[in-house]
Amino acid sequence: MTKDPAKYDESNIQTLDPLEHIRQRTGMYIGRKGDGAQYEDGIYILLKEVLDNAIDEFVMGFGKRVVIRLNYQTGKVTIRDYGRGIPLGKVIDCVSQMNTGGKYNDDVFQFSVGMNGVGTKAVNALSQTFLVRSQRDGKFVEAAFERGKLVNTREGESKERNGTFVEFIPDIEIFTKFAFREEHVQRRLKMYAYLNAGLTLDLNGEQYCSEAGLVDLINAEAGMEQLYEPICFRSKKLEIAFTHSNHMGEDYYSFVNGQYTNDGGTHLTAFKEGFLKGVQEFAKKRYEGDVARDGIIAAIAIRLKEPVFESQTKNKLGNPEIRAELVAEVKKIVEDELHRHPEDAQRLLNKIEETSKIRAELKGLQKTVRERAKQSAVRVEELVDCKLHYDKQKGKGEDTMLFLVEGKSAGGTVATARDTQTQAVFKLRGKPLNVCDLKRDAIYKNKEFYDLVKTLGIEQTPDTLRYGKIILATDADVDGLHIRNLLITFFLRFFDHIIKDGRLFILETPLFRVRNAKQSFYCYTDEEREKAIKTCGAKAEITRVKGLGEINAKEFKDFIGENIRLTPVNIHNDVYVQETLRFFMGTNTQERRQYILSNLVVDNTDV
């Protein structure tokens, strides 16, 4: 007998215990699950929640070293701090009972990230296995859990130093397919080190530490591109550092109580406003905010007794009551520091004047291009749009995609096979312009790139991006790879935030088709090809697939559906990106040719 969907009575009401609630409503506690490909995926939040406790101990003056061991094959994580250790009588409660912890007490933890008594409990509940061991004054208590349920306890004498040891493996029932990525783990640990000068983090034997704090962060991110030495200020509750580069856009790193708030919040908004007011007061001249801050690389860290975050993942700070006071404080700091460093201040003002001049020229060019666009076409002809779109402010449309394809043939295949609700197609006309050594006005002088920028919705700001994923869907041949590199160059040159935010992907397409009279297989690797040949038998027909247009639209639907294979485009080290880009995509043809000849390896194994 089927249930009546309209029926709603007492039998429909459920009460979940805390463990069930965490496992069924995972997003409330760790944000998105993901598979480990992105920096904010759930497995990194599990790592962060345990590390936060170790950092809180350091902030309170206990333990200057944290040892992390991570097995990238199995996903097993161990973290050992040398703080005070969890009080032995409360070890089990502190990792399994919601709203239990020592951070409600200001005398014990004055500036803590973990305020809700939730973090470690969520890690426990979402782990296949979880073990905690506290060492205090010659004794220890250990508790082992499986998917949040206690399975074993031990206690006794110990000769180890005080502190807490935690070991966990993310649960494959929750994270069905996951893998820790070394670059994401390293970046998170670097952020902890920059925020906590004097702390040493040991990851699989590699040490992460910082003596200069946020200045080290700014130097690492800006590299050789900085226009002046980072200007910095540090007090007990506030630390800021900033410089400018010739990059376009604004790069910020904001922190609260040692927690990296990648979505910013009140403290970052206050810094932006205070910075602008400080510069204006120093220069005795008014500037537009985006002009004064264009090219800025800045970091702000504050310490609050009662931080209010917008979610358990603590990515964005609330606390509107601190804004006015913080704006005034940042304004005064910026003005004072510019007076103390007159040469650096002059370089900053020169940068602002140059940006202002460029912006004025661009506005005139934009107006001309827009008027021309209105006369020639009402919409972008190369775009086959979808019905839903990404909205960063509302948090909707994360699954929307824009495929950048080469030519009408491939565009027709993808347009026919796509999901019209969430997948759009932009058809490129051959090879796009190489913008490596060009200025921003190239976007408006080149119709194809201008149409692409309009399609993406990022003409004014990257915050209005219309698609959750931008996918490079080029052919698997030399020309296709060249087009892919030209597009990546375009994003790196003018819209690197899209890459840093994990929005740019490469569509993996099949290299071979193996078929017989009864069945057909598309293969991405040589191993898959050999397996398909065995399945099809001696009469198997093998074809090298070069273009997307060669694939039947009905079959291609599988390649961009649930089983879509995407490789994210990542930036592993900001410092060398522009240098690398100029070497491989710049005008230094002879230098590049010599490099290729010197490093060319000829493989004769198939000859």
Side-chain angles (χ1 to χ4, degrees), residues 34-38 41 43 71-76 170 172-173 175-183 401 403-407 409-419 423 425 469 471-485 487-488 504-570 572 596 599-607:
D35 59 4
Q38 303 302 319
D41 284 352
I43 56 174
N71 187 315
Y72 292 98
Q73 281 69 46
T74 65
K76 181 180 177 180
I172 57 174
E173 291 183 1
F175 309 95
T176 52
K177 184 181 179 182
F178 77 89
F180 283 98
R181 297 185 68 143
E182 189 174 13
E183 63 267 24
M401 308 175 187
F403 292 92
L404 305 185
V405 302
E406 51 175 305
S409 177
T413 300
V414 181
T416 303
R418 73 193 176 105
D419 179 346
Q423 294 177 328
V425 182
K469 292 183 176 66
I471 301 172
L472 310 181
T474 58
D475 292 343
D477 56 16
V478 174
D479 285 335
L481 292 176
H482 189 204
I483 291 172
R484 180 194 297 177
N485 286 340
L487 289 171
I488 292 175
L504 189 63
F505 296 84
I506 295 169
L507 176 67
E508 297 300 333
T509 54
L511 299 175
F512 308 100
R513 180 178 61 198
V514 180
R515 64 181 179 181
N516 57 22
K518 296 182 179 180
Q519 50 192 340
S520 180
F521 298 93
Y522 283 94
C523 310
Y524 292 80
T525 64
D526 289 332
E527 290 76 16
E528 290 183 9
R529 179 188 62 178
E530 293 305 315
K531 184 178 179 181
I533 291 173
K534 290 180 180 179
T535 303
C536 291
K539 295 184 178 181
E541 175 189 305
I542 307 165
T543 306
R544 173 71 165 87
V545 180
K546 294 184 178 180
L548 301 183
E550 299 177 13
I551 304 174
N552 180 284
K554 184 178 180 181
E555 293 176 314
F556 194 79
K557 194 177 187 71
D558 294 331
F559 305 143
I560 59 173
E562 291 183 3
N563 298 319
I564 189 170
R565 300 192 191 187
L566 297 176
T567 299
V569 178
N570 293 319
H572 297 308
I596 293 171
N599 293 275
L600 185 65
V601 176
V602 179
D603 186 354
N604 294 316
T605 55
D606 292 333
V607 177

S.K.: Phe175 and Pro170: which non-hydrogen atoms are nearest, and at how many Å?
M.R.: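 Answer, listing the atom of Phe175 first, then Pro170: CD1-CB, 3.8 Å.
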S.K.: Less than 4.5 Å apart, any side-chain heavy atom of Arg181 and any of Asn570?
M.R.: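 Yes - at least one pair of side-chain heavy atoms lies under 4.5 Å apart.
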S.K.: Please round to the nearest 0.5 Å and tell me the distance separating atom CG of Leu507 and atom CD1 of Ile564.
M.R.: 5.5 Å
S.K.: To the nearest 0.5 Å, how far apart are CD1 in Ile560 and CZ in Phe403?
M.R.: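 Result: 4.5 Å between the selected atoms.
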S.K.: If you take all heavy atoms of Cys523 and Val514, which pair is closest and at what distance?
M.R.: SG-CG2, 4.1 Å
S.K.: Please examine the side chains of Phe512 and Asp526, heavy atoms only from C-beta on, and report whether any two atoms are closer than 4.5 Å.
M.R.: yes
S.K.: Check Pro568 against Phe505 and note the closest heavy-atom contact, atom names and distance.
M.R.: CA-CD2, 3.6 Å
S.K.: Give, for atom OH of Tyr522 and atom OG1 of Thr509, the distance between the pair rounded to the nearest 0.5 Å.
M.R.: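 One finds 11.5 Å between OH of Tyr522 and OG1 of Thr509.
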S.K.: Where the side chain of Arg565 meets the backbone of Glu508, is there a donor-acceptor pair that is under 3.5 Å apart?
M.R.: no
S.K.: Distance-only criterion, 3.5 Å: show the donor-acceptor pairs between side-chain atoms of residues 535-545 and protein atoms not counting sequence neighbours.
M.R.:
residue: Thr535; atom: OG1; partner: Lys531; partner atom: O; Å: 3.0
residue: Glu541; atom: OE2; partner: Arg515; partner atom: NE; Å: 3.1
residue: Glu541; atom: OE2; partner: Arg515; partner atom: NH2; Å: 3.1
residue: Arg544; atom: NH1; partner: Leu511; partner atom: O; Å: 3.4
residue: Arg544; atom: NH2; partner: Ala476; partner atom: O; Å: 3.1

S.K.: What pairs of residues pass the salt bridge (Lys or Arg N to Asp or Glu O under 4.0 Å) test when at least one of them lies in residues 551-561, not counting sequence neighbours?
M.R.: none
S.K.: Answer yes or no: is there a donor N or O on one side and an acceptor on the other, between the side chain of Asp475 and the main chain of Asp477, under 3.5 Å?
M.R.: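 Such a contact is absent between Asp475 side chain and Asp477 backbone.
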S.K.: Answer yes or no: is there a side-chain heavy-atom contact under 4.5 Å between Phe180 and Ile43?
M.R.: yes
S.K.: Applying ring-ring contact (aromatic ring centres under 6.0 Å, His included), name anything that partners Phe178, two or more places apart in sequence or on another chain.
M.R.: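 By the ring-ring contact (aromatic ring centres under 6.0 Å, His included) rule, Phe178 matches no residue at all.
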S.K.: Just how far is it from atom CD1 of Ile471 to atom CG of Leu566, taken to the nearest 0.5 Å?
M.R.: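 One gets 4.5 Å once the value is rounded to the nearest 0.5 Å.
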S.K.: Where do Gly36 and Asp41 come nearest, in terms of heavy atoms and distance?
M.R.: N-OD2, 2.9 Å
